[in-house]
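Since we're looking at a predicted model, the values are computed, not measured. Side-chain atoms are counted along with the backbone in the values below, which use heavy atoms only and exclude waters and symmetry mates. Read the numbers this way: they start at 1 and go in the same order the structure lists the ligands and their atoms.
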Amino acid sequence: MSSIVIVGAQWGDEGKGKITNGLASNANMVVRFQGGSNAGHTVDVNGEPVVFHLLPSGISVQGVLCVIGPGVVVDPLGLVEEIDGVRSRGIEVGENFLIDVGAHMVMPYHRAVEAAEEESRGGSAIGTTRKGIGPAYSDRYSREGLPIGMLASFGEFEERLRAIAARKNEILTRLHGAEPLDIDAIVDDMRRAADRLVPHLADTPDLVREAVASGSNVIFEGAQGTLLDISFGTYPYVTSSHTSAAGVAPGTGVPPSMVGEVLGVAKAYITRVGAGPFPTELPDGEGETIRDRGQEYGATTGRPRRCGWLDIVALRYAIGVSGMDRLIITKLDVLDAFETIPICVRYRIDGVETDRFPRSAVELSRAEPVYEEMPGWQADTTAARRHDDLPPEAMAYLRRIEELTGVPVAAASVGAAAHAVVQFAEIL
Ligand code: GDP
């Protein structure tokens, strides 16, 4: 069996898309297991950046079967638009792309309800992408969701959609004082989306299990990051799905016993989008330098990302939750400019030093970072392809991450380009 899981080891945006895309050339299948179009994976395809929101990051690699698993929530209209955009870049989306019938759909009313709820939260908004992801997952759990397989029986789907949409209009108008949505227009849009998406629908768990069992190389692609996991992140500043490696089983139908190595992707520093506690945040100065050098703006929303030094306490926690066997450190080149590079090795909470990552957002917001300083290398690493191309200080930084986490670093990424990687060991 040869399957690997690629998950974010921080608060998302770690560069998982680039890593997945790079490894996909050795894979037979790439399976997305959670999240929705709130994800934005920027991948270098023939020198051009292409952003995938729902399509698995292996879609540009020929001969790889890409699957959206049952744990994902799919915005049908957004997906059709994404397919068209990707095709216009010369990327094939045909028989190489399957959507599991059990993935639930994000409907226009999910986006409308989410926007109204975020508005009403005022200063305590979660800072969601307003793509309707949370409400779509909520409906799934409250048995008011619409699995995408229903598009194949449009009559039954339309009946259920109309009933649910009428209830959502009540919520929008009565509770939020918002305009009702035009249900006929939603039905028409969905009919058009169904024409395009039904050919890609499939019952995928058996297929993926068989691929893993027969020794095919299968990549399970995560979105967001382990620290945003609905169960293990700092609730409520989390996303609505299981972003940790544990999400693979319910998100694909492949049992935990069949899941192979877990690779955690972490930046050489850390970022966060949206609200929530962030102990190593650098509000200005160095934080701005990181943001500029790393182009830290959301791929889905364009929002500036909050930036800070690498947080080992949070990273160790994420490694534990996702069972990460090895790490891939991305964006090492972003740190090329710094004379010294602090690493947060412990927190101080209420005057007491600890290496425990608090589960509670309230407690985490009281955590102050305790830093250890590493010498910077102040040299351009973007052309490095072998470990001896990296400055000794950069290697020392990576080694220190290994020592502090107890987990080996399999590769370091030194630029957005697909080939800008220094690989230390074989991965797939
Ligand atoms: P993902 O959602 O985890 O795939 O991450 P995003 O795509 O949201 O953000 C990663 C961004 O960093 C993308 O724009 C990538 O092109 C870029 N990127 C990835 N790896 C590197 C790297 O090693 N160095 C630099 N400078 N940029 C990188």
Side-chain angles (χ1 to χ4, degrees), residues 5-24 30 32-60 72 82 129 131 133 219-228 239 241 243 263-274 289-307 310 318 322 327-338 380-385 389-390 394 397-398 409-423:
V5 185
I6 298 179
V7 283
Q10 295 165 323
W11 281 297
D13 309 314
E14 298 94 345
K16 300 171 294 296
K18 167 182 164 163
I19 300 302
T20 307
N21 183 61
L23 292 173
V30 178
R32 259 287 293 271
F33 62 89
Q34 45 71 231
S37 54
N38 51 345
H41 299 145
T42 310
V43 170
D44 167 33
V45 182
N46 305 324
E48 292 281 319
V50 180
V51 183
F52 299 121
H53 295 285
L54 276 163
L55 290 168
S57 297
I59 197 80
S60 67
V72 176
E82 185 174 339
T129 56
K131 296 279 178 190
I133 307 302
I219 299 178
F220 297 106
E221 180 186 19
Q224 291 92 34
T226 298
L227 298 176
L228 291 173
T239 196
S241 59
T243 55
L263 285 175
V265 183
K267 290 190 228 209
Y269 48 96
I270 189 166
T271 61
R272 174 161 206 165
V273 215
T289 307
I290 292 177
R291 185 175 309 119
D292 287 348
R293 292 185 53 82
Q295 282 302 298
E296 295 296 352
Y297 298 91
T300 301
T301 59
R303 286 185 289 184
R305 294 176 183 147
R306 301 157 65 194
C307 300
L310 185 63
S322 273
L327 290 171
I328 294 180
I329 302 296
T330 58
K331 302 191 116 171
L332 188 65
D333 55 300
V334 173
L335 299 185
D336 288 355
F338 294 96
D380 184 357
T381 57
T382 53
R385 298 294 174 266
D389 296 335
L390 285 172
Y397 185 70
L398 296 174
V409 172
S413 173
V414 290
H419 54 273
V421 178
V422 181
Q423 205 165 320

Participant: What's the shortest distance from atom 2 (O) of ligand 1 to any protein heavy atom, and which residue and atom give it?
Facilitator: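 For atom 2 (O) of ligand 1, the nearest protein heavy atom is His41 CD2, 2.9 Å.
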Participant: With backbone taken as N, CA, C and O and side chain as the heavy atoms from C-beta onward, which portion of Glu296 lies under 4.0 Å from ligand 1: side chain, backbone, both, or neither?
Facilitator: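 Under 4.0 Å from ligand 1, Glu296 contributes no heavy atoms.
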Participant: Which atoms of ligand 1 have any heavy atom of Ser413 under 4.0 Å away?
Facilitator: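 With Ser413 as reference, the close atoms of ligand 1 come out as 20 (N), 21 (C), 22 (C), 23 (O).
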Participant: Ignoring angles and geometry beyond distance, decide whether Thr42 reaches within less than 3.5 Å of ligand 1 through its nitrogen or oxygen atoms.
Facilitator: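 Such a contact does occur with ligand 1.
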Participant: Below 4.0 angstrom from a heavy atom of Lys16, which ligand 1 atoms are there? Numbered from 1 as shown, please.
Facilitator: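 What qualifies from ligand 1 is 1 (P), 2 (O), 3 (O), 4 (O).
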Participant: Counting only heavy atoms closer than 4.0 Å, does ligand 1 sit against the backbone of Asp44, its side chain, both, or neither?
Facilitator: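 Under 4.0 Å from ligand 1, Asp44 contributes no heavy atoms.
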Participant: Any N/O of Gly12 closer than 3.5 Å to an N/O of ligand 1?
Facilitator: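 Not met; the criterion fails.
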Participant: Using a plain distance cutoff, I'd like to know if Thr330 has any nitrogen or oxygen under 3.5 Å from a nitrogen or oxygen of ligand 1.
Facilitator: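 No, Thr330 has no N/O under 3.5 Å of an N/O on ligand 1.
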Participant: Salt bridge check, Arg303 against Glu296: does any charged N sit closer than 4.0 Å to a carboxylate O?
Facilitator: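 Looking at Glu296 and Arg303, the cut-off is not met.
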Participant: Sort and list the pairs that fulfil salt bridge (charged side-chain N to carboxylate O under 4.0 Å, His left out) and have at least one residue in residues 34-55, not counting sequence neighbours.
Facilitator: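 For residues 34-55, and leaving out neighbouring residues, the salt bridge (charged side-chain N to carboxylate O under 4.0 Å, His left out) pairs sorted by first residue read Glu48-Arg89.
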Participant: List the residues meeting salt bridge (charged side-chain N to carboxylate O under 4.0 Å, His left out) with Glu14, not counting sequence neighbours, and say none if there are none.
Facilitator: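 Counting only residues at least two positions away or on another chain, Glu14 forms a salt bridge (charged side-chain N to carboxylate O under 4.0 Å, His left out) with Lys16.
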Participant: Backbone or side chain, does any N or O of Arg293 fall under 3.5 Å from an N or O of ligand 1?
Facilitator: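 No - when backbone and side-chain N and O of Arg293 are compared with those of ligand 1, no distance drops under 3.5 Å.
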